[in-house]
Amino acid sequence: NQEKKSVRQARRRSKAQSKAEEEEAMANDKATKKMSGRAGFLAKHAQARAVARAALCKAEEAASTMFRALTVKPKQFEGKRALVLGSGVGGLTTAYELLKQDSGMKVTVLEARDRTGGRCMSLRTGDTVTEDVDAELEGSKPGETQTVRFERPKGDDEPYLNAGPGRIPSSHKRLLSYLKEFDVPIEVYIMNTQSNLVQMEDGPGLGADRDKPVVYRRIEHDTRGHIAECLYAKAEEVMKDRGYDETKVEKFKELLVAFGDLTAEGKYHPDAGLDGLEQPTSDRGGYSILPGVAAGETAKALPFDRLLESEFWSKTSFYQPQDFLWQPTSFQPVGGMDRVQHAFATQVAALGGDILLNHPVKFIDWDDGTGEFVVLVQKIGTADCDEFRCDYLFSNMAMPFLKNILSEKVIKLFDPAFQEGLDAVFQAQFTGIEEDDRTRRFLATTTKIGWQADRVLWQGSRIQKWEYGKAHHDVPDHELGVVPIFGGISWTSNEIRQIWYPSTGYHDEKGVLTGCYNFGDTAEKWGTWPVKKRLAKGKDGAEQLTGSAAFREGLQHGVAIAWQNVPYIKGGWAQWDVVKDSVTHFNHLAQGTAVGGNPKTEHPVFFVVGDQLSSLPGWQEGAIAAALNALNRLAHPHLIVPHLACLPDTRLMVEGI
């Protein structure tokens with residue numbers, strides 16, 4: 001009886017514990033759902049990382065692992081032929097290095113489109129853009145064609161829109177080194193200025209100003225000031241709880257005064273000082289009337305409770321400029337980002353390589369008799385195909401396209417681990433995963449809009465000279481406290497997400513804006529709309545962000561692009577988080593593959609290149625790194641590409657959640 005009683009008590013305790021755990025789990029789930037922005041994302045995706053990380057290498061593996069880019073021996077591949085499928089930056093880097101290093105290989109690049117560069121695309125007056133009607137990889141039909149019609153006033157630089165990549169971080173050493181080698185001039189790209197705008201519904205403003213834009217510096221420095229003041233008041237408690245002595249408490253207070261621009265008493269109070277003297281405690285948040293324009297008047301601090309209630313950090317990408325890849329200094333090629341791919345393509349041609357445009361690859365097979373790849377390329381305007389043969393194949397096309405291009409025979413001849421990697425990517429693209437009421441796939445959705453407008457809309461009105469006897473001010477009243485915007489990005493909770501201002505040509509009459517750059521389900525929806533509707537929604541968003549109908553009306557010559565609809569590209573970047581066992585498959589795919597059968601190739605002869613197979617998906621530096629990895633495996637097959645222990649989640653790395 002005592003044993004039975006003990007069992008019943010144990011069961012009751014177990015049920016009570018299970019119920020308590022269930023209630024705790026429900027409470028945690030509710031708390032997670034309440035979280036927004038990066039905090040909510042990380043709570044839901046605990047394994048997500050903004051960066052890749054190399055796997056630790058065991059001592060016995062070190063001798064067989066390559067840790068840096070290696071060279072090809074001169075004439076190492078004399079008499080051999082290489083085909084590069086796709087002329088994106090990864091494909092062009094592959095072709096260039098094979099030729100530059102005098103490998104002895106005959107190199108031909110097959111490009112499906114009528115231009116080189118892949119997503120590295122800049123648009124100028126007269127250029128045309130034709131998307132497919134949908135995002136399907138196969139069987140889609142051409143949609144409407146847009147013609148770029150930017151004006152060029154006398155004295156202005158040639159206007160252009162970077163429809164793909166728009167900046168080069170200073171940490172991207174390989175790309176910057178190539179640009180120096182190719183004599184491509186670069187200039188500073190401005191990611192952020194303190195004068196950019198931040199706008200959201202129910203923002204940090206007071207009363208009727210809640211939905212209006214706020215200058216970036218006010219949000220940033222008022223938030224810092226308030227946080228510093230709170231910590232200063234609890235400095236002793238905070239530091240002693242962490243085991244620090246009194247001397248560290250004082251150092252902490254000194255730090256907070258500098259960090260938040262506080263008074264000596266630890267208060268954040270950006271108002272004027274003594275009567276008759278202009279002594280603001282803090283002017284980091286800017287001015288409502290600029291000194292020099294008039295006597296000067298510091299802007300009042302945004303209340304801390306309004307900053308918190310606004311959730312500015314989750315409604316917009318406010319803190320993205322602080323992430324590593326966006327920190328100053330960034331660069332852009334003078335005259336447009338496509339100077340990058342043009343420089344590579346020119347070098348390939350000069351070194352004897354062939355780049356064949358309008359050559360879409362339709363089928364890849366393997367000839368057992370000769371031990372070479374057989375590649376069929378469609379003749380434009382016909383159903384006929386030309387045949388190309390090669391010893392080595394480098395695929396720069398997005399991996400999902402290979403599903404309907406590689407023959408069943410050649411796939412079965414690939415290394416088993418390589419086959420499994422391709423199958424996992426195909427599954428991720430064509431089946432995807434269900435998340436947040438939508439299907440996410442391997443290739444990311446993203447859309448952009450470009451506008452041309454008069455620069456006075458963001459750089460301010462031109463100063464009017466005084467005329468004797470006329471009672472008017474040389475700066476309009478509504479601009480007395482406005483610092484002109486020269487470059488950078490303004491942020492909004494609207495679906496356009498952001499507006500980029502040009503980082504050059506400040507004295508020009510007109511400038512080209514990136515008037516929308518969005519991702520995920522928003523971009524997927526926008527990509528189903530006709531161009532006219534996208535442009536109309538872009539104008540709505542621009543008016544909401546700036547709070548100005550005049551700004552909206554000043555936007556001209558719009559051009560829209562949904563990368564998931566672009567033929568032969570069909571996406572912005574690779575999303576490895578949707579691939580099951582992604583790290584394992586990534587590491588196997590990065591090694592390339594031999595081909596079995598009779599005869600069997602001894603070393604890898606088929607490689608995938610491009611940023612899709614790098615630790616920097618979505619970046620040109622990643623495309624270059626993947627190309628160099630493939631060339632290393634080609635020339636030194638006894639060494640492996642170092643394995644990664646985790647892959648970056650592009651929602652953090654690229655989209656800036």
Side-chain angles (χ1 to χ4, degrees), residues 49-54 66-70 84 86-97 100 116-122 162-182 184-189 191 320-321 323-333 336-345 347-348 394 396 398 444 446 563 569 571-576 586 589-590 607-632 641-642 644 646-650 652-656:
R49 298 290 182 272
V51 297
R53 179 169 60 83
M66 63 181 79
F67 293 105
R68 62 197 58 196
L70 304 172
V84 180
S87 66
V89 171
L92 292 174
T93 301
T94 303
Y96 170 72
E97 288 294 345
K100 179 67 174 179
T116 56
R119 287 160 292 157
C120 182
M121 181 170 74
S122 301
N162 287 329
R167 51 200 159 221
I168 303 171
S170 51
S171 61
H172 288 185
K173 293 183 177 182
R174 294 195 187 281
L175 176 53
L176 290 171
S177 177
Y178 278 122
L179 295 183
K180 184 174 183 179
E181 179 183 344
F182 300 157
V184 176
I186 59 175
E187 59 194 3
V188 171
Y189 170 89
M191 173 70 185
Q320 188 175 32
D323 292 344
F324 177 74
L325 289 171
W326 280 270
Q327 294 170 6
T329 303
S330 293
F331 298 97
Q332 60 185 17
M337 188 60 74
D338 64 350
R339 302 295 194 236
V340 172
Q341 58 96 354
H342 281 314
F344 272 106
Q347 292 292 324
V348 169
F394 299 85
N396 187 210
T446 182
W563 279 104
I569 293 179
W573 46 82
Q575 300 184 122
W576 279 96
F586 178 98
L589 289 168
F607 302 91
V608 173
V609 298
D611 61 284
Q612 61 185 332
L613 203 53
S614 79
S615 57
L616 288 167
W619 294 93
Q620 295 175 104
E621 183 84 347
I624 291 170
L628 297 178
N629 282 341
L631 292 171
N632 283 347
V641 176
L644 297 182
C646 70
L647 301 175
D649 191 313
T650 49
L652 295 172
M653 173 182 275
V654 180
E655 299 174 20

message: If you compare all heavy atoms of V609 against all heavy atoms of A630, which two are closest, and at what distance to 0.1 Å?
response: CG1-CB, 3.7 Å

query: If you look at every heavy atom in E97 and L628, which pair is closest and at what distance?
result: CG-CD2, 4.0 Å

query: Is any side-chain heavy atom of P333 closer than 4.5 Å to a side-chain heavy atom of I168?
result: yes

- request: Could you tell me the separation between the OG atom of S177 and the CD1 atom of I624, rounded to the nearest 0.5 Å?
  value: 9.0 Å

message: Which heavy atom of L325 sits nearest to which heavy atom of P169, and what is that distance?
response: O-CG, 3.3 Å

- request: Enter the distance from S614:OG to W576:CH2 here, rounded to the nearest 0.5 Å.
  value: 10.5 Å

query: Is there a side-chain contact between M191 and Q320, using heavy atoms and a 4.5 Å cut-off?
result: yes

- prompt: Is there side-chain contact between V641 and N632, with heavy atoms separated by less than 4.5 Å?
  reply: no

- request: Please examine the side chains of N396 and T94, heavy atoms only from C-beta on, and report whether any two atoms are closer than 4.5 Å.
  value: no

task: Classify the angle between the aromatic ring planes of Y96 and Y178 as parallel (below 30°), tilted (30 to 60°) or perpendicular (above 60°).
output: perpendicular

- request: Would you mind reporting whether W326 and R167 have side-chain heavy atoms less than 4.5 Å apart?
  value: yes

- prompt: So which heavy atom on P617 is nearest to which on A574, and how close?
  reply: CB-O, 4.0 Å

- prompt: Does any N or O in the side chain of D338 come within less than 3.5 Å of the main-chain N or O of M121, such that one atom is a donor and the other an acceptor?
  reply: no

query: Heavy atoms, side chains only, cut-off 4.5 Å: are T93 and F344 in contact?
result: yes

task: Just grab all the salt bridge (charged side-chain N to carboxylate O under 4.0 Å, His left out) pairs involving residues 612-632, residues at least two apart or on different chains.
output: none

For W563, ring-ring contact (aromatic ring centres under 6.0 Å, His included) partners two or more places apart: none

task: Looking only at non-hydrogen atoms, find the nearest pair between W619 and D611 and report the distance.
output: O-CB, 3.4 Å

message: I'd like to check the ring-ring contact (aromatic ring centres under 6.0 Å, His included) partners of H342; sequence neighbours left out, ordered by chain and number.
response: none

message: Within this structure, what is the CZ-CG distance for the pair F394 and L631, rounded to the nearest 0.5 Å?
response: 5.5 Å

- prompt: Side chains of V340 and L179: closer than 4.5 Å at any heavy-atom pair?
  reply: yes

Donor-acceptor under 3.5 Å (R119 side chain, G88 main chain): no

query: Is the backbone N or O of S87 less than 3.5 Å from a side-chain atom of T116, with the two atoms forming a donor-acceptor pair by type?
result: no

- prompt: For the atom pair CD (Q341) and CZ (R339), what is the distance rounded to the nearest 0.5 Å?
  reply: 10.0 Å

- prompt: What's the shortest heavy-atom distance between S122 and M337, and which atoms?
  reply: OG-N, 3.1 Å

message: To the nearest 0.5 Å, what is the distance between NZ on K100 and CD on Q347?
response: 7.0 Å

